[in-house]
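Below: one structure, written as structure tokens.
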Amino acid sequence: MPLDIVPSVCPHDCPSACALEVERIDGRRIGRVRGAAAQGYTRGVVCAKVARYAERQQHPERLSHPLRRIGEKGLGAAAFVAISWDEALDEVAERLTCAAQRHGSETVWPYYYAGTMGLVQRDGINRLRHAMRYSREHLSICSMLSDAGWLAGVGAKRGVDGRDIAKSDLIVIWGGNPASTQVNVMTHIAAARRERGAKLVVVDPYRTATAEQADTHLAPLPGTDGALACAVMHLLFKEGYADRDYMVRYTDDPRGLEAHLAPRDPAWAAPITGLSEGEILAFARLYGRTRRSYIRVGYGFSRSRNGAAQLFAVSCLPAVTGAWAYEGGGALYSNLGLAPIDPTLIEGLDALDPAIRLLDQSRIGPVLAGDPRDLGNGPPVTALFIQNTNPMVVAPESGLVHRGFRRSDLFVCVHEQFMTETAAMADIVLPATTFLEHDDIYPAGAHTYLQLGRSVLPPYAECRSNHEVICGLAGRFGARHPGFAMSAIELIDETLRISGLPAIESFPEGGWLDCCPPFETGHFLDGFAHADKKFHFRADWRAIGPEHAQLPAFPDHVAVIDEGDPERPFRLVAAPSRSFLNTSFNNTPSSIAREGRPTAFIHPEALAKLGLADGDRVRIGNKRGSLVVHTRSFDGLQRRVVIVEGLWPNHAFEEGIGINLLTSADPGLPRGGAVFHDTSVWLSPA
Ligand code: SF4
């Protein structure tokens, strides 16, 4: 019998937004998932975790019915009983209404993030928020710092088409690990290496799977990439690799930059970064003499108090050499700003009152602890309605987060696919559809396509989509907005119309609309996205965020990181693993089998000094707490660096709390942002 293959789009929090081909079995289940061969970026490749999506889709522990908690918080499924949808939604509506009557509407905090990247199912929660005047959410946990850094120089959230990588002679993967987390980048790198003999350089604090494949791996200390970028640019100027004609035409202040960089030579950067002067020199020369050099800018090195400044410094490199001007040259951080989508209808922005307070999602711990600065001197948060995220694991400063969720005066509703640690703390849990069971539209960070993903399976058991739940609650509140009366497809259709984009019917077969601009625009030859059309070497941080005072205008090493001290000599990076994606997939058998157990990668000399060996238990701690993991002796990092890949569930750790116990909720500069990779710790034998 011929296979029933249906098109779809990967919804997960990954820039690749792969176009998928899904084997559908008897109309209710799926088999293998493959990348769509005809989509020019996916090119038939998907990561292993999504290839085995059947494990997640048909997981025996998927939530199937609405649940009310009758037992202890945190216990899991045993603490809940099944109830009807009407009972569940009535209760949620009543509890949110009571909370708002008692404390004012800002006491309710709808809380979400990127469990799906589809615009309708991810962002529709904002329509309910604004219509009900609930507290707003500062979306700081992932891209706030990186966006700030990129916007400072380039001015818009777009860059050179990822397919250009295949036409490059030098690819620099800076602060990312695509072999593990964004496999499609490797497809295009492989083409460049095969067809052009391109070189691959990876800049990352540890020897990742991507770095293993590189010609050169530079492993700076976490939080020092800005210093590396400055020393490279110093050499580009000094040794004649800077394209002065290009800079005069396309940048704001090349002379000022050159003067600023004069003292920032490799001898200055070496002790800051822990790299040798020779390593910096060799990389600068390779970068300087290669016109078609393409920097794929990752998120990793932005997750630091100085992350925006670091990313800004790296984005300056192609503006010094003029690499932007060449096919296969330039840089890409994200193309999420490419498709001109108007979010007004989906997010209910026409109902938004900017006077309503904005709570920082990364600081959910301090928010739930009642820190008056975080609450804007307003009412406490006494009701959370959560979709698409698992803050009990993913948010920094987990100790505070866990205490907050245990508050007896806090009502929590979680709409989820699984009984996550956050769902286990809820009063009401609602079962959610997967991307295969609802309609949505997906822009992408890594490529230029806007893609439609239609439902290909009926909802599992009693699952409902985010959109249905939002509309169901809006109906109970009597909330008014045209979006509440529309289907997901109608919302997509109308959003495309108001955005001036082609209607769904005119999307090419496969559902992918390529929004790739012409070469001149993609490479900024018709100007960068600032009013003066120049790339800015002088960042206007004041225009980007309020906490700008410590950020210098020119690219630099901004020494505001958690450097450590004799009590906390190690720098911890809580990096993403290959088989999990945040906390998605950390419950599928093949992912768990591949990842093993929570593990600290520690340099063999550091291990020996601690009197530990490979596989021993080690306690990692700082002022926020401590936890135990097993060691792996690993020489692909500096002696001061420790890597713990994740995100493992809390229960995978001996004491029931995961790695974000150690990370700080301090906001990065200049407008917040989580600093997951900026953590100093001590180690001791457990
Ligand atoms: S690489 Fe990313 S976008 Fe592609 S299938 Fe895997 S998680 Fe999804």
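Note that this is a predicted model, so its numbers are computed, not measured. Just follow the structure's listing: the first ligand is 1, and inside any ligand the first atom is 1.
Remark: E595 pairs with no residue by the salt bridge (Lys or Arg N to Asp or Glu O under 4.0 Å) rule, at least two apart or across chains. For R32, there are no salt bridge (Lys or Arg N to Asp or Glu O under 4.0 Å) partners at least two apart in sequence or on another chain.
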Which donor-acceptor pairs under 3.5 Å do the side chains of residues 499-513 make with protein atoms, sequence neighbours left out?
residue : atom : partner : partner atom : Å
S499    : OG   : D342    : N            : 2.8
S499    : OG   : T495    : O            : 2.6
S506    : OG   : A503    : N            : 3.3
S506    : OG   : A503    : O            : 2.8
W512    : NE1  : G510    : O            : 3.0

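Partner E437 forms a salt bridge (Lys or Arg N to Asp or Glu O under 4.0 Å) with one of R464, R62, R454, R28 and no other, that one being R62.
The count of protein N, O or S atoms under 2.8 Å from atom 4 (Fe) of ligand 1 stands at 1, with waters excluded from the count.
Residue contacts with ligand 1, taken as heavy atom pairs separated by less than 4.0 Å, involve L581 solely via side-chain atoms from C-beta onward.
Between H447 and Y41, the ring planes are tilted. Angles from 30° to 60° get that label.
Ion pair D215/R193 flagged as a salt bridge, since at least one NZ, NE, NH1 or NH2 atom sits closer than 4.0 Å to an Asp/Glu carboxylate oxygen.
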